[in-house]
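One-based numbering, in listed order, for ligands and for the atoms of each. This is a predicted model, so every value here is computed, not measured.
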Amino acid sequence: MASVPLVPAEVGRAVIDPKSYGAWDPLLDQFDDLRRAAPVARIVAPNDEHEPFWLISGFDAAMKVSKDNATFLNNPKSAVFTLRVGDMLARSITGGSPHLVESLVAMDAPKHPKLRRLTQEWFMPKNLSRLDAEIRKIANEAIDRMLAAGDGREGEGDFMSLVAAPYPLHVVMQILGVPPEDEAKMLFLTQQMFGGQDEDMNKSGLKDLPPEQISAIVAGAVAEFERYFASLAAERRNNPGEDVATVIANAMIDGEPMSDRDTAGYYIIVASAGHDTTSASSSGAALALARDPDLFARAKADRSLLPGIVEEAIRWTTPVQHFMRTAAADVELAGQQIAKDDWLMINYVAANHDPAQFPNPRAFEATRPANRHLAFGAGSHQCLGLHLARLEMRILLDVLLDRVESLELAGEPRRVNSTFVGGFKQLPLRWKAA
Ligand code: HEM
């Protein structure tokens with residue numbers, strides 16, 4: 001039998017190092033080398049800091065794993081990469097589950113499709129079109145904020161903090177029925193909750209604390225979320241509206257109301273999956289337009305280019321950089337023998353830069369034919385919010401192109417150091433108002 005392709009220790013370390021995703025190009029080079037050698041290869045931590053896993057860097061294998069939801073499961077082990085210390089922390093908080101939050105990404109059939117079905121219709125384009133005007137209003141407010149950072153005619157500032165970060169957050173909070181005065185609290189709780197598990201997402205200073213204290217803070221954030229959403233759900237049961245918050249609050253599973261933990265998990269996944277992802281791809285689109293005046297001029301004159309630009313920005317940025325799966329049975333994948341219970345990383349960054357699928361993958365090509373990327377995943381967990389994300393981006397770019405005459409880079413963009421949700425944390429732009 002052929003020997004197992006082992007990823008060299010320093011490359012394995014780079015794949016799980018948040019800073020690699022901040023640096024980007026050297027990591028893409030490493031993925032190219034890895035993919036050429038073996039699109040599915042094994043990473044074993046030299047000091048056992050994490051459970052060994054199979055890294056999937058080839059597009060075809062990533063698609064296969066994503067679509068085979070009977071063989072590759074989300075629930076048995078963490079669906080997001082975590083070191084052993086993070087895994088132990090989650091299990092100590094939850095009483096044994098590797099998932100801090102009981103959300104869609106932590107579930108498999110038969111529970112997953114039952115919960116997913118509840119909101120599937122709500123997130124379809126037909127229903128979302130009702131939100132068009134409201135989203136456009138929020139996009140205009142974001143561009144107002146940007147233009148106000150200049151003298152009205154021209155200006156310079158960080159597109160991320162002025163526009164790309166607050167805009168999707170505001171949209172998602174609106175559909176969840178969270179009032180504007182509670183948005184800061186939601187952000188803070190999200191950061192605390194993720195902060196204990198993954199130090200690169202830690203914006204609340206947790207990483208220097210002893211484990212018991214981290215554990216208490218993370219558990220406190222989860223409990224606070226559950227309390228907040230239990231009361232929001234109770235409110236929506238009394239006063240139903242047309243938002244997704246109402247759908248979740250009134251959901252029945254097998255004739256019973258959803259448990260508080262499932263209800264909170266549903267709100268939390270929509271709240272957390274719905275903002276920094278779309279922020280990242282929106283700033284990716286703005287960067288591409290700022291770097292390419294010809295593309296900017298063509299898009300300004302012809303908005304039918306927007307869907308292509310949006311799709312390419314999502315592939316090119318790949319905001320969600322990985323998800324993990326656990327094998328339910330022994331199975332062969334791209335010539336490798338995967339054993340039952342093995343952990344696998346679908347690396348979307350690597351898959352979306354596979355030259356066999358995307359010629360010249362590092363280039364931004366607004367008219368890439370059949371841009372069948374994996375940034376939204378595939379199979380039964382494929383992003384529930386993909387139509388909303390595309391709609392938000394299309395509207396934002398439409399408003400931006402209406403109100404801005406030109407756009408250019410005013411400094412070096414900086415990427416987030418994160419293995420999970422990446423993208424840009426700073427995007428300095430200079431603009432002239434239209
Ligand atoms: C460009 C923006 C976005 C990207 C790149 C993105 C990416 C992803 C990915 C890769 C997955 C996992 C897919 C898989 O396992 O096959 C996912 C799941 C999910 N996303 Fe998104 N997402 C985005 C925006 C949104 C938005 C706006 C929402 C909702 C407001 C959302 C809600 C969800 C939910 C609820 C899931 C879990 C689905 C399930 O497990 O059944 N996402 N997303």
Go through ligand 1 atom by atom and flag the ones less than 4.0 Å from a non-hydrogen atom of [X].
{"X": "Pro319", "result": "5 (C)"}
{"X": "Arg116", "result": "38 (C), 39 (C), 41 (O)"}
{"X": "Val105", "result": "37 (C), 40 (O)"}
{"X": "Leu388", "result": "30 (C)"}
{"X": "His112", "result": "39 (C), 40 (O), 41 (O)"}
{"X": "Phe323", "result": "11 (C), 12 (C)"}
{"X": "Ile269", "result": "35 (C)"}
{"X": "Gly377", "result": "10 (C), 13 (C), 14 (C), 16 (O)"}

For [atom], tell me which residue out of [options] has the closest non-hydrogen atom.
{"atom": "atom 16 (O) of ligand 1", "options": "Ser272, Ala378, Ser66", "answer": "Ala378"}
{"atom": "atom 39 (C) of ligand 1", "options": "His381, Arg315, His373", "answer": "His381"}
{"atom": "atom 23 (C) of ligand 1", "options": "Thr318, Thr277, Val421, Val172", "answer": "Thr277"}

Task: Heavy-atom side-chain proximity of Ile175 to Leu388 below 4.5 angstrom - done: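 Of all side-chain heavy-atom pairs linking Leu388 with Ile175, at least one is under 4.5 Å.
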Which residue and atom name correspond to the protein heavy atom nearest [atom], and how close is it?
{"atom": "atom 1 (C) of ligand 1", "result": "Ser281 OG, 3.2 Å"}
{"atom": "atom 32 (C) of ligand 1", "result": "Ala273 CB, 3.6 Å"}
{"atom": "atom 19 (C) of ligand 1", "result": "Cys383 CA, 3.7 Å"}
{"atom": "atom 36 (C) of ligand 1", "result": "Leu384 N, 4.0 Å"}
{"atom": "atom 28 (C) of ligand 1", "result": "Gly385 CA, 3.5 Å"}
{"atom": "atom 5 (C) of ligand 1", "result": "Ala375 O, 3.5 Å"}
{"atom": "atom 26 (C) of ligand 1", "result": "Gly274 CA, 3.6 Å"}

TODO: Take every heavy atom of Arg325, measure it against each atom of ligand 1, and state whether any distance is under 4.0 Å.
DONE: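 It does, in that a heavy atom of Arg325 comes within the 4.0 Å cut-off of ligand 1.
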Open item on the list: Looking at ligand 1, is there an atom of it that comes within less than 4.0 Å of some heavy atom belonging to Gly379?
Closed with: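 Outside the 4.0 Å threshold, so no.
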Go through the side-chain N and O atoms of [X] and [Y] and say whether any donor and acceptor fall under 3.5 Å apart.
{"X": "Tyr266", "Y": "Thr119", "result": "yes"}
{"X": "His170", "Y": "His275", "result": "no"}
{"X": "Arg130", "Y": "Asn127", "result": "yes"}
{"X": "Ser279", "Y": "Asp276", "result": "no"}

Distance in Å, [X] [atom1] paired with [Y] [atom2], rounded so as to fall on 0.5 Å steps:
{"X": "Leu89", "Y": "Leu83", "atom1": "CG", "atom2": "CG", "result": "11.5 Å"}
{"X": "Ile395", "Y": "Ser282", "atom1": "CD1", "atom2": "OG", "result": "11.5 Å"}
{"X": "Leu333", "Y": "Asp342", "atom1": "CG", "atom2": "CG", "result": "11.0 Å"}

Open item on the list: Is the distance from the ring center of Phe358 to that of Phe59 below 6.0 Å?
Closed with: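 Between Phe59 and Phe358, which both carry aromatic rings, the centre distance is below 6.0 Å.
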- [ ] Determine whether the aromatic ring centres of His387 and Trp122 lie less than 6.0 Å apart.
- [x]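 So the answer is no for these two rings.
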Task: Proximity of Leu386 to ligand 1 by residue part, where a heavy atom lies under 4.0 Å - done: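 The answer is neither.
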TODO: Specify side chain, backbone, both or neither for Phe376, according to which of its non-hydrogen atoms lie closer than 4.0 Å to ligand 1.
DONE: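 Near ligand 1, Phe376 shows its backbone as well as its side chain.
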Task: Check: Ile314 main-chain N/O paired with Ser281 side-chain donor or acceptor under 3.5 Å - done: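 Not confirmed, Ser281 side chain does not pair with Ile314 backbone.
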Open item on the list: Ser380 and side chain to side chain donor-acceptor pair (under 3.5 Å): which single residue from Asn69, Asn74, Asp68 fits?
Closed with: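 With Ser380 as partner, side chain to side chain donor-acceptor pair (under 3.5 Å) holds for just one option, Asn69.
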- [ ] Among Phe323, Phe420, Phe53, Tyr21, find the residue that satisfies the ring-ring contact (aromatic ring centres under 6.0 Å, His included) test when tested with Phe81.
- [x]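 The residue from Phe323, Phe420, Phe53, Tyr21 that satisfies ring-ring contact (aromatic ring centres under 6.0 Å, His included) with Phe81 turns out to be Phe53.
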